[in-house]
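Quick caveat, the model's predicted, so the values are computed rather than measured. Per chain, numbering begins at 1; letters A, B, ... match sequence-line order.
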Amino acid sequence: MMIQTPRGVEDILPHQISKYQWIEKKASSLFHLYGYEEIRIPTFENAELFLRSVGKETDVGKQMYIFKDKKGRNLSLRPEATASVARAYIQHRLYEKPGDWRVYYIGPMFRYERPQAGRLREFRQIGVEVLGEAAPQLDVEVIEMVCQFFKRLGLANFNVQLNSIGCKKCRPDYEKRLKEYFKRNISSLCPVCQKRYEYNVLRILDCKKESCQKVVEKAPFLKDHLCEDCKIHFEKVKMGLEDMGIKFNLDPYLVRGLDYYTRTTFEITIPSLGAQNAICGGGRYDGLVKELGGPYTPGIGFSIGVERLLIALEKDEMNFFPKNSPGVYVITLDKKSQKMGYYLVNLLRSKGIKTWMSFSGDNLSSQLRLANRKGVCWAIIIGEEEVNKEILILKDMESGKQREIEWRRLEEFSQNLNFQLKRSRDCD
RNA sequence: GUGAGCGUAGCUCAACUGGUUAGAGCUCUGGACUGUGGAUCCAGUGGUUGGGGGUUCAAGUCCCCUCGCUCACCCCA
């Protein structure tokens with residue numbers, strides 16, 4: 001049996017790469033406008049880092065790819081990037097720099113889950129993190145930036161889901177209250193939720209089982225039990241978004257499956273995507289840096305699922321992905337003409353023109369067929385006859401028309417060709 | 001981790017209730033056309049029917065196991 005990719009991981013072949021690059025370029029150029037710089041963090045870290053940040057008992061914690069290296073160190077492929085960014089921030093004492101610290105990252109994440117539409121074991125995320133700023137205006141700016149990003153990609157139908165899950169001060173109180181409430185009804189909860197009661201009561205809130213829903217309906221709302229500071233923060237975020245003209249849905253049951261979130265949490269969903277419809281998730285994590293051994297530092301961030309974003313863009317039948325740039329195929333027919341061919345290829349490339357040349361020595365027909373398949377705008381033919389006459393033949397692959405170019409006017413010709421290629425991007 | 005559906009050529013799919021040597025279209029290669037690609041026609045290459053085991057005179061077809069894909073649950077990106 002031939003060796004294939006492991007379950008849930010994929011090759012990204014050249015015809016797909018240009019789409020990824022296009023999205024990545026759009027992201028980085030937009031994020032730069034907002035003052036973000038790129039960071040590259042390791043693909044694996046000490047497992048402890050993730051276990052402490054996302055939480056051992058959370059789903060993400062359980063989905064980690066943990067392994068031991070040759071010295072028996074416990075390592076893990078990163079299931080997400082926020083913890084690493086916070087770690088880097090602390091490790092390099094970046095809190096000693098003035099102002100907030102804004103970074104973005106692009107790269108693969110790994111989670112051991114059952115693959116599904118829009119869910120892979122290795123998937124790519126584009127994300128940003130801001131450390132050192134607690135103001136609700138920042139929450140608004142961050143959400144506004146993602147929306148701006150999706151708009152710039154031409155994505156129209158997305159929804160912003162918003163919630164506040166309180167802070168270290170008010171959440172414990174609320175969880176206590178919630179526990180008291182569920183305790184009275186624990187027998188009507190599903191088995192999964194009965195376990196959740198022990199380690200994560202909040203999760204019961206978005207259980208979709210009908211029996212649980214019934215109980216949840218009458219459960220106390222978190223928004224009614226936020227402390228004064230959290231309440232004010234949340235109000236300012238909502239008002240800020242409204243001022244920016246950003247529509248959002250309040251989802252009181254939006255509970256993110258990572259332990260470190262505080263206050264604002266949000267998700268951006270696309271209705272057409274099916275079950276895995278979230279293309280972006282994020283929120284505030286004011287306690288994380290301290291939790292990881294740094295000074296108290298507020299933080300906020302989000303991450304975008306690139307594969308899901310691509311599915312959404314393709315579903316919208318958006319054919320705005322960039323085409324391959326057109327080029328030239330140089331055909332030579334014997335030893336002498338091949339020598340001239342090499343010279344010509346180098347000249348054209350030095351002018352910035354994408355150029356192929358076949359080394360196969362095939363006949364003219366098959367070389368032209370190859371040129372056709374490469375989708376080039378022009379073929380240049382040099383054979384015995386052309387060498388003797390010191391010319392080359394330039395063939396327009398679309399019209400089939402061809403003309404002779406004198407060898408001594410090559411310089412002028414290649415300049416001209418470059419100009420024409422730049423103008424006719426869609427000749428194929 | 002749970003459930004359901006599906007695995008036949010590189011791709012898309014055939015093969016009646018088990019019955020000769022598993023077919024077709026597209027792609028690919030070659031030819032018609034030895035210095036002119038795309039169109040047409042002709043020919044050819046290509047398969048351990050995902051893998052393993054079982055039932056049977058006989059298995060692509062039925063049964064079991066396994067791997068993978070797909071979708072959903074779960075959860076998220």
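Rounded to whole Å, the P atom of rC26(B) lies 8 Å from the corresponding atom of rC41(B). With P as the reference atom, rA72(B) and rC57(B) are 45 Å apart, rounded to whole Å. The gap from the P atom of rC64(B) to that of rG30(B) amounts to 48 Å, rounded to the nearest Å. Going from the C1' atom of rU49(B) to that of rU21(B) covers 15 Å, rounded to whole Å. Between the P atoms of rG53(B) and rU17(B), the separation comes to 27 Å (whole Å). Look at the C1' atom in both rA24(B) and rA9(B): the space between them is 11 Å, to the nearest Å. Rounded to whole Å, the P atom of rU20(B) lies 14 Å from the corresponding atom of rA15(B). Taking atom P on both rU48(B) and rC11(B), the two are 12 Å apart, rounded to the nearest angstrom.
One atom, CZ of R119(A), and another, P of rU2(B), lie 14 Å apart when rounded to the nearest Å. In this structure, L258(A) places its CG atom 11 Å from C1' of rA77(B), rounding to the nearest Å. With rounding to whole Å, Q4(A) atom CD is found 12 Å from rG51(B) atom P. The distance between atom CD1 of I381(A) and atom P of rU36(B), rounded to the nearest whole Å, is 10 Å. Following rounding to the nearest Å, Q367(A) (CD) and rC33(B) (P) show an atom-to-atom distance of 21 Å. Rounded to an integer number of Å, the gap from CD1 of I391(A) to P of rG35(B) is 17 Å. Protein atom CD of E113(A) is 14 Å distant from nucleotide atom C1' of rU2(B), rounded to whole Å. For L310(A) and rA77(B), the CG to P distance is 18 Å, given to the nearest whole Å.
Between Y105(A) and I126(A), the closest side-chain pair of non-hydrogen atoms is not below 4.5 Å. Counting heavy atoms from C-beta on, the side chains of L344(A) and Y342(A) never come closer than 4.5 Å.
If you check every strand for non-hydrogen atoms under 4.0 Å, A371(A) touches nothing. Residue contacts for L120(A): at a heavy-atom cut-off of 4.0 Å it reaches a base atom on one of the strands shown. Residue G127(A) is classed as having no contact, given no heavy-atom separation below 4.0 Å to the nucleic acid. R111(A) comes within 4.0 angstrom of a base, heavy atoms only. Using a 4.0 Å heavy-atom distance criterion, G281(A) is classed as a sugar-phosphate-only contact. Note on Q402(A): a base of the nucleic acid sits closer than 4.0 angstrom, heavy atoms only. Residue contacts for E122(A): at a heavy-atom cut-off of 4.0 Å it reaches no nucleic acid atom on any strand shown. Contacts of I393(A) with the nucleic acid, taken as non-hydrogen atoms under 4.0 Å apart, include base atoms. At the heavy-atom level, M109(A) lies nowhere under 4.0 Å from the strands shown. Residue contacts shown for E80(A) are absent, as no nucleic acid heavy atom lies under 4.0 Å away. Across all strands shown, G8(A) has heavy atoms under 4.0 Å from sugar-phosphate atoms exclusively, and none from any base. If you check every strand for non-hydrogen atoms under 4.0 Å, N277(A) touches a base.
When distances are taken from the side chain of Q125(A) to each of rG35(B), rU36(B), rA77(B), the shortest belongs to rA77(B). Picking from rG35(B), rA77(B), rG37(B) the nucleotide with the shortest atom distance to the side chain of K395(A) gives rG37(B). In this structure, of rA77(B), rG35(B), rC74(B), it is rA77(B) that holds the atom nearest to the side chain of R308(A). In the set rA72(B), rC74(B), rA77(B), rA72(B) carries the atom at the smallest distance from any side-chain atom of R114(A).
Counting distance only, with no hydrogens placed and no angle test, the side-chain atoms of Q63(A) and the base atoms of rG1(B) include no donor-acceptor pair under 3.5 Å. Between the base of rU70(B) and the side chain of Q116(A) there is no donor-acceptor pair shorter than 3.5 Å.
Side-chain contact annotation: D139(A) with T264(A), donor-acceptor N/O pair under 3.5 Å present.
Across the strands present, rU34(B) finds no partner; the criterion is a Watson-Crick or G-U wobble pair with both atom distances under 3.5 angstrom. When both distances must be under 3.5 Å, the Watson-Crick or G-U wobble mate of rU29(B) is rA43(B). Using the Watson-Crick or G-U wobble rule with both distances under 3.5 Å, rG7(B) pairs with rC67(B). Across all strands shown, rC73(B) pairs with rG1(B); the Watson-Crick or G-U wobble distances both stay below 3.5 Å.
Heavy atoms from other residues, nucleotides or ligands lying under 6.0 Å from NZ of K336(A) number 12 at most. The 12-atom threshold is not exceeded at CD of E384(A), counting heavy atoms of other residues, nucleotides or ligands nearer than 6.0 Å. Annotation for R349(A): atom CZ counts as buried by contact number, over 12 foreign heavy atoms lying within 6.0 Å. No more than 12 heavy-atom neighbours from other residues, nucleotides or ligands sit within 6.0 angstrom of OH on Y343(A).
Ring orientation note: the planes of Y89(A) and W101(A) are tilted relative to one another, at an angle of 30° to 60°.
In this model, the phosphate group of rU36(B) is not approached by any side-chain N or O of R369(A) to a distance below 4.0 Å at OP1 or OP2. Within the 4.0 Å cut-off from OP1 or OP2 of rU70(B), not a single side-chain nitrogen or oxygen of R7(A) is found. Regarding contacts with the backbone of rA77(B), every side-chain N or O of Q276(A) stays at 4.0 angstrom or more from both OP1 and OP2. Within the structure, a side-chain polar atom (N or O) of S365(A) is placed less than 4.0 Å from OP1 or OP2 of rG37(B).
In this structure, K176(A) is not positioned above the aromatic face of Y174(A) in the sense of NZ or CZ being under 6.0 Å from the six-membered ring centre and within 45° of the axis. A cation-pi geometry, defined here as NZ or CZ lying under 6.0 Å from the six-membered ring centre and within 45° of its normal, holds between R121(A) and Y112(A).
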Dump the pairs, protein N or O against N or O of nucleotides 44-46 of chain B, anything under 3.5 Å, distances to one decimal.
none

Q: Go through the steps to decide whether Y181(A) and R177(A) satisfy the test side-chain contact (heavy atoms from CB on, under 4.5 Å), and finish with yes or no.
A: CA-CA 6 Å; Y181(A) 170 77; R177(A) 220 174 263 262; over 6 Å; no

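If D362(A) and S399(A) are placed on RNA chain B by their nearest nucleotide, the residue sitting closer to the 5' end is D362(A). Each of R373(A) and P6(A) has a nearest nucleotide on RNA chain B; the 5'-most of these lies closest to R373(A).
Here the CZ atom belonging to F248(A) is positioned 11.0 Å from the CD atom belonging to Q161(A), to the nearest 0.5 angstrom.
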